[in-house]
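The chain is numbered in sequence order, starting from 1.
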Amino acid sequence: MSLVTASIQLHAPPAEVWKTIMDPHALGDWVTIHRKLLHADSGAVKVGYEMDQRIQMRGVSLEVHWKLVECRPHELAVWEGRGPARSHARSEYALTAVDDGTRFDYRNEFRPPLGPVGAIVSRALVGGMPEREARRTLERLSAHMGASAKRTSVRSHDK
């Protein structure tokens, strides 16, 4: 399993950040690996909401099915994803109000298919890409919202 965490402080209130990050149709505005929204449930985004997304990593297009498993508006969203060959992902968006805006903490866990062999292949193919893309994604979010970011920090762990 690989884990990437990233944080950024945005000069926008949590409600405004939430509105942007929870709009499936806005993914292309800030998520660097997003290529196309294939399907999104209609109505309000809440627990049980599902969407299908096409992403691209190192020139390879992948389709991921996401389901929102935890949702506390303006605070926390937890998405569980299933990709090709039984790969799994879990993405968490945590928002915290701070004096001059919002701290956005992003966490992504990825479990490649094929157990330990899949993990070795995943590291060889993907390398440091998740960290770079997490940083770029949060910087794009800041630019998209017209908010200047105070700082971005990214960490990666392989288990």
Side-chain angles (χ1 to χ4, degrees), residues 1-12 14 16-40 45 49-70 76-96 101-114 116-159:
M1 177 186 81
S2 64
L3 171 66
V4 174
T5 59
S7 299
I8 192 167
Q9 191 165 324
L10 302 166
H11 295 288
E16 186 178 331
V17 175
W18 182 264
K19 182 179 176 185
T20 299
I21 65 174
M22 296 305 288
D23 178 358
H25 300 283
L27 288 169
D29 295 333
W30 66 282
V31 178
T32 59
I33 63 171
H34 174 81
R35 292 300 174 260
K36 185 175 184 178
L37 180 65
L38 302 170
H39 164 80
V45 177
Y49 189 93
E50 297 183 32
M51 68 176 172
D52 297 317
Q53 174 188 37
R54 181 174 297 134
I55 62 173
Q56 186 169 355
M57 295 184 69
R58 295 217 188 233
V60 177
S61 290
L62 307 167
E63 291 185 12
V64 181
H65 174 77
W66 294 101
K67 184 173 186 177
L68 188 61
V69 296
E70 190 173 345
L76 178 70
V78 179
W79 294 92
E80 289 188 352
R82 300 217 183 272
R86 291 195 246 162
S87 58
H88 298 265
R90 181 179 174 97
S91 292
E92 298 178 15
Y93 305 159
L95 304 180
T96 306
T102 303
R103 177 183 166 98
F104 177 32
D105 292 304
Y106 168 80
R107 176 184 172 99
N108 181 272
E109 295 177 25
F110 174 71
R111 290 183 190 91
L114 307 175
V117 172
I120 292 168
V121 172
S122 177
R123 275 193 296 277
L125 292 176
V126 177
M129 187 177 178
E131 299 86 5
R132 285 190 303 274
E133 292 307 320
R135 179 178 291 112
R136 287 182 57 225
T137 288
L138 294 186
E139 290 168 355
R140 271 181 68 176
L141 174 63
S142 178
H144 172 69
M145 297 188 68
S148 58
K150 268 194 157 175
R151 64 183 171 270
T152 304
S153 63
V154 179
R155 281 177 269 144
S156 176
H157 316 275
D158 285 321
K159 294 183 179 179

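For E70, the salt bridge (charged side-chain N to carboxylate O under 4.0 Å, His left out) test picks out R72, with sequence neighbours left out.
Using a 4.0 Å cut-off between a side-chain N of Lys or Arg and a carboxylate O of Asp or Glu, E133 and R135 do not qualify as a salt bridge. Between R103 and D105 there is a salt bridge, since at least one side-chain N of the basic residue sits less than 4.0 Å from a carboxylate O of the acidic one. Salt bridge E63/R54: present, at least one basic N to carboxylate O contact under 4.0 Å.
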Subject >> Verdict with supporting geometry, M22 and Y49, side-chain contact (heavy atoms from CB on, under 4.5 Å) >> reply: CA-CA 11 Å; M22 296 305 288; Y49 189 93; over 6 Å; no
Original post:
Where do S61 and I55 land on the side-chain contact (heavy atoms from CB on, under 4.5 Å) test, with the steps shown first?
Top reply: CA-CA 6 Å; S61 290; I55 62 173; over 6 Å; no
Original post:
Passes side-chain contact (heavy atoms from CB on, under 4.5 Å), T96 versus F104? Steps please.
Top reply: CA-CA 7 Å; T96 306; F104 177 32; over 6 Å; no
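With respect to D52, the side chain to side chain donor-acceptor pair (under 3.5 Å) criterion is satisfied by exactly one of K36, H39, H65: H65.
Contact check for T32 versus R140: side-chain heavy atoms found under the 4.5 Å cut-off.
Between atom CH2 of residue W30 and atom CE of residue M145 there is a gap of 10.0 Å, rounded to the nearest 0.5 Å. Once rounded to the nearest 0.5 Å, the distance linking CG of L68 with OH of Y93 reads 9.5 Å.
With no hydrogens or angles considered, no side-chain donor-acceptor pair links W66 and E50 at under 3.5 Å.
Between the side chain of T102 and the backbone N or O of L95 there is no donor-acceptor pair closer than 3.5 Å.
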